Structures are given as C-alpha cells and as structure tokens.
Amino acid sequence: MTRIVVVGAGQAGIGVAEALRTTGSSAEITVIGGEEHLPYERPPLSKEMLLGKATVDDLRLRSADWYRTHAVDLRLSTWVERIDRQGRTVVLADQAPLGYDHLVLATGSRPRRLPVPGADLDGVLNLATPSDSLELRHRLSRAGSVVVVGAGFIGLEVAAAATTMGLRPVVVELADRVLARVAGPVLSDHVAARHADRGVDLRLGTGVVELRGADGRVTHVVLSTGEVLPADLVVVGVGSVPSDGLAVDAGLDCADGVLVDPTLRTSDPAVSAIGDCARFPLGGQPTRLESVQNAADQARHVAARLSGDDSGAPYREVAWFWSTQSDLKLQMVGVPGAQDEEVVRGDPATGRFSVFRYSGGVLTCVESVNHAPGHLLGRRLLAAGRSPSREQAADPGFDLKAFAAAPAPVARAQQSAVTS
Amino acid sequence: MPMIAFVQPDGSRREVQAPVGTSVMKNAVLNDVPGIVAECGGSLMCATCHVYVDPADAHRVPPPDEDEDEMLEVAAAERRETSRLSCQLTVDDGLEGMTVHVPEGQA
Ligand SMILES: Cc1cc2nc3c(=O)[nH]c(=O)nc-3n(C[C@H](O)[C@H](O)[C@H](O)COP(=O)(O)OP(=O)(O)OC[C@H]3O[C@@H](n4cnc5c(N)ncnc54)[C@H](O)[C@@H]3O)c2cc1C
Ligand code: FES
C-alpha cells in the first residue's frame with residue numbers, strides 16, 4: 001500500500017488527508033503535527049478567540065473521531081526532526097523513523113521577529129497559536145497602553161479587538177498606508193479611516209527602532225521619528241517567515257519557502273509542498289501565499305495527483321482571503337499588480353462596496369468591504385477569466401452574475417470588451 | 001438534543017444530534033456530512049454551506065436576514081424558495097426532526 005506522510009497538521013496537512021479520503025484513496029496516511037491541539041483553524045485566533053467568543057475546541061477542523069474513522073494516523077505533539085530523502089524516511093523527535101512513498105510538507109509559517117533591540121522583553125507578543133491568543137487576551141484585559149507594530153491583517157485585527165476591549169491602541173506602520181502589501185489605496189484609506197473612527201492612533205510611514213523596558217518588562221517603544229511611546233503591551237504583526245528548515249536541511253530547492261513546480265512538487269518528485277511554506281509559480285512569478293484558501297486548494301490539488309490524476313494539471317485556483325476587523329469584513333480575490341487602476345462599485349459612504357482592480361485593462365483583483373456578494377462575483381469572474389469593462393464594473397445596474405456565467409466570448413470580442 | 005437530518009442529492013440520509021445553540025453548518029461539518037463545505041467557517045462570506053430546508057419544515061426557521069438573502073443570490077447551486085445558508089441556522093428545540101437537503105455543488 002502507498003504510504004503518504006504529511007508533515008504539519010494544520011489547514012493544509014489535514015486538507016490533504018481529507019481530500020485523499022474523499023477521493024477514495026486507500027493509501028496509508030500519517031499526519032505529523034508538532035502542536036498538541038487537535039488540528040484547528042487559525043483565523044479565529046485574532047478574531048473570535050481574542051474576543052473570548054471561541055475556545056480552541058470550537059476551532060477544530062474535524063472531530064477527534066474523524067481521524068479514527070477515516071484511518072488517518074494523526075500524531076500530535078510530534079516534531080519531524082529530519083528528512084532522509086535517500087532512505088525515504090522522516091526522523092521523529094522521539095519515535096521510530098517513518099518510511100514514505102510520498103512526503104507532503106505542510107509546515108506553515110511562523111511570525112517574523114521584530115529586528116530591534118528589546119524585542120525579547122516580557123510584554124512583547126506575537127500571535128500565531130491558541131496559547132498566544134489566550135495570553136494576548138489576558139494581557140489586553142489588563143493593559144493600559146498598547147502598541148501594535150505593523151498594519152497588516154493581523155495587526156489591524158488585534159487593534160480592532162483592543163478597541164472592542166476599551167483600549168486605544170497605537171498602530172505603527174513603516175509603509176505610508178495600512179495593508180500596503182496586499183490592498184490598493186482605496187481600500188487602505190477606507191480601512192484606516194474606520195480604525196481611526198474607533199480610536200486607533202495610526203502612525204504611518206513610521207518605524208520602530210527600539211523597545212525599552214524596566215526589570216525585563218517592556219515600558220516604551222521608540223519610533224523612527226524620535227518619539228517615545230509608553231507601552232505595557234507590544235503586539236508584533238510584521239509578517240511571517242516560511243517554516244522551510246526541514247526542506248533546506250534535506251537539500252530541497254528553497255528560496256524563502258520551499259520551491260515547487262506548477263504541480264506543487266519540490267525538486268524531489270517524491271516530495272510535495274503546500275500551504276504557507278510553499279513558493280509556487282503564479283503568473284510566472286514564484287509566489288508564497290498565506291491564506292486558508294491557498295492551503296485548502298493546494299491540499300486538494302496534491303491529493304488528486306496522489307490519487308492517480310496523472311494529467312500533470314498545473315495548480316491554478318484563484319487566490320482569495322478575508323479579514324474581520326470589528327465591523328469591517330474585508331474580502332479580496334485575485335492577485336493585485338503593482339500599478340493597478342481602481343474602479344469602485346457601490347458607494348464607500350454606505351460602508352458596503354467593492355473595488356475592481358485592473359492591470360493593463362484586465363481585471364486582476366476584487367476587494368470588497370462588507371459586501372460578500374461582490375466578492376463572490378469577483379471570484380466567479382476571475383475563475384472564468386472574464387473581465388468586465390471598467391464602465392460595466394462601475395455600473396451597479398450591470399448584471400455581473402450573468403456576465404460571469406455567460407460563455408466566454410471569442411478572443412477578439414474579449415479584447416474589445418476590456419479596452420472599451 | 002434535537003435531531004437534524006441531512007439528505008444528499010442521491011437521496012441518502014444522515015441524522016445527527018445537534019446541540020442547542022450551535023449552527024446547523026457546524027453540526028454537518030463535525031459529523032462529516034458531505035457537501036457542506038463551509039470554507040469561511042460560518043462568517044457569512046462564502047455561501048458554501050447552502051442547503052434547502054425541506055418545504056415541510058420551512059415554517060420552523062426564521063426568514064434569512066438581508067445579508068444572507070444577498071449571499072443566497074450568488075450561491076453556486078440554484079436558489080429555491082427554502083434556500084438557506086446553514087451557518088445562519090441556529091439549532092433550538094423547535095428544530096427537532098428537521099430535514100435539510102444538500103445541493104449538488106457549493107463552489
Ligand atoms: C492570527 C492569524 C490569523 C489569520 N487569519 C486569516 C484569515 O482571516 N483568513 C485567511 O485566509 N487566513 C488567515 N490566516 C492565515 C492562515 O491561517 C494560514 O494561511 C493557514 O493556516 C496555512 O495553513 P498551513 O497548513 O500551510 O500552515 P499551518 O496552519 O500554520 O500549519 C502548519 C503546522 O505544521 C506544524 N509543523 C511545522 N514544522 C513541523 C515539524 N517539523 N514537525 C511537525 N509539525 C510541524 C506547525 O506546528 C503547524 O501546526 C491567519 C493566520 C494567523 C496566524
Ligand atoms: S460557512 Fe461561509 S457563508 Fe456559511
């Protein structure tokens with residue numbers, strides 16, 4: 001029987017096991033996870049769980065029984081120490097080595113540390129695990145002055161939770177707008193304004209140069225402007241780094257993530273890599289994405305291949321992501337270009353709208369604020385490769401659902417549609 | 001605990017005991033009912049938890065709110081009169097014995 005070993009029992013790793021069983025695979029499946037909890041969803045760690053509305057048990061991806069009834073050998077609290085590619089085995093911390101016919105790396109990512117003096121003081125927190133979330137909630141409930149470093153999704157979600165708990169956090173961001181890496185200016189400005197309304201003090205274009213403390217505890221944050229902010233809690237949300245150490249040590253090609261081909265195989269065809277840890281070709285560009293969708297869809301893709309789909313089909317699902325920040329529900333689909341033109345559909349003043357982004361006249365990305373239907377239409381359009389004209393996108397009376405569902409026009413008609 | 005029945009497009013039926021206060025979606029997922037994808041985990045953002053409440057039970061659930069109504073418009077499978085997003089249906093004792101039908105596709 002084929003032995004499939006998966007390293008990492010997160011969204012991607014469990015996704016592989018699940019998709020293998022759904023497709024009727026009879027392979028021997030072992031999933032090895034370093035964490036102690038039954039596999040769980042991570043997004044609520046900075047949302048419901050931080051607000052005390054969910055416990056780690058509520059976040060389980062599958063019931064404990066599921067693994068047994070589906071013959072998935074789930075080994076929790078177990079770290080893979082090394083991969084022996086010659087011998088096709090993985091070496092575990094304190095168990096017998098495990099042989100594999102195919103190995104799937106789904107090791108995820110971990111928070112980037114703040115590269116400044118004082119980053120290891122007590123009271124400086126990252127958010128990546130349930131215990132981080134509980135600890136952060138506990139500290140937020142007692143904090144006087146909170147500084148969040150980084151205005152990406154996690155930083156802004158934490159800031160939103162802090163305001164809900166009655167705090168007025170300062171958010172420090174190096175870029176000149178929030179969500180600069182992932183969103184366009186229209187969305188950034190809207191989101192920044194809503195956080196400011198809720199009492200968040202945003203410092204854009206500003207770096208953190210040092211954290212100061214007393215008796216090992218953080219007390220102040222020194223900004224690049226020279227200003228010194230009081231802080232008894234500092235939350236760091238400055239991005240993540242892929243957990244690709246096993247792959248690097250095993251001599252697999254890596255470049256800030258495990259490099260994979262369009263079918264998600266690494267430089268060793270007996271090893272695949274998926275989810276946050278993998279860097280895959282997207283529009284010709286080696287790309288690493290951190291989202292539930294990416295983890296789940298890549299898991300399904302690899303499972304299909306391992307179940308005998310030998311079409312060599314490349315992975316090409318449309319990427320999407322969501323974030324909830326107090327009363328803001330943000331959803332984005334597609335991969336933005338650097339110089340996108342933006343078309344707004346709906347009225348931002350109502351708090352419900354979408355931004356259609358175009359690169360060279362072609363739709364690349366749709367961002368939605370409290371407007372899930374716009375997001376779903378964006379997904380349909382991008383999946384179908386259909387690009388409404390900018391006028392059509394801006395016209396709320398134009399039926400995008402019908403447009404997305406209509407058979408694709410011949411190439412020339414498409415051309416004139418996008419350039420009209 | 002109320003019992004909720006899930007019926008697949010092929011007619012196969014699964015009954016689950018659903019704790020009061022949980023969503024119908026969560027019960028489907030934790031009991032491994034096929035066809036309820038629920039990729040957003042119940043945040044009313046994905047419409048992949050679409051079900052058809054059995055017409056005989058339709059009067060037992062409150063009507064969808066405006067957001068759910070809009071999302072149902074863009075669900076993958078055809079919208080019918082009793083279409084609902086199962087993450088928005090909260091189990092209570094009044095739902096004992098309710099039947100919901102799982103559509104052909106969610107994505
Ligand atoms: C606070 C937070 C909020 C988020 N919010 C959202 C959101 O709103 N929407 C969204 O789409 N995405 C969100 N994300 C991102 C999303 O959670 C990740 O993209 C997704 O979990 C990636 O899945 P994965 O399986 O690749 O990695 P993970 O889920 O991180 O799983 C990897 C697992 O592998 C284990 N592992 C690593 N190395 C080893 C080893 N050597 N041996 C054994 N086990 C190992 C790790 O311990 C970990 O449990 C959020 C992430 C965080 C941290
Ligand atoms: S689970 Fe996503 S809308 Fe119900």
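Everything numeric here is computed off the predicted structure, so don't read it as measured data. Each chain gets a letter, A, B and so on, in the order the sequences are listed, and its residues count up from 1.
- Residue B:Leu30 comes nearest to A:Ser63 through the heavy atom pair O-OG, 3.6 Å, listed as atom of the first residue, atom of the second, then distance.
- Of all the listed residues (A:His70, A:Lys47, A:His375), the one sharing the greatest number of non-hydrogen pairs under 4.5 Å with chain B is A:His70.
- Of the two parts of A:Asn370, neither the backbone nor the side chain holds a non-hydrogen atom closer than 4.5 Å to a non-hydrogen atom of chain B.
- Both the backbone and the side chain of B:Leu44 come within less than 4.5 Å of a heavy atom in chain A.
- Of all residues in residues 9-16 of chain A, none places a non-hydrogen atom less than 4.5 angstrom from a non-hydrogen atom of chain B.
- Other residues, nucleotides and ligands contribute over 12 non-hydrogen atoms within 6.0 Å of the CZ atom of B:Arg79.
- When all heavy atoms of A:Leu61 and B:Val29 are compared, the pair lying nearest together is O-CG1, 4.1 Å.
- Inspection of non-hydrogen atoms places B:Asp67, B:Glu70, B:Met71 of residues 52-71 of chain B under 4.5 Å from chain A.
- Between A:Trp320 and B:Glu39, the closest side-chain pair of non-hydrogen atoms falls below 4.5 Å.
- Here B:Cys46 is the residue among B:Cys46, B:Gly41, B:Cys40 with the most heavy-atom pairs under 4.5 Å with chain A.
- Options A:Gln293, A:Arg62, A:Lys401 differ in how many heavy-atom pairs under 4.5 Å they form with chain B, and the most are formed by A:Arg62.
- Of the two parts of A:Thr22, neither the backbone nor the side chain holds a non-hydrogen atom closer than 4.5 Å to a non-hydrogen atom of chain B.
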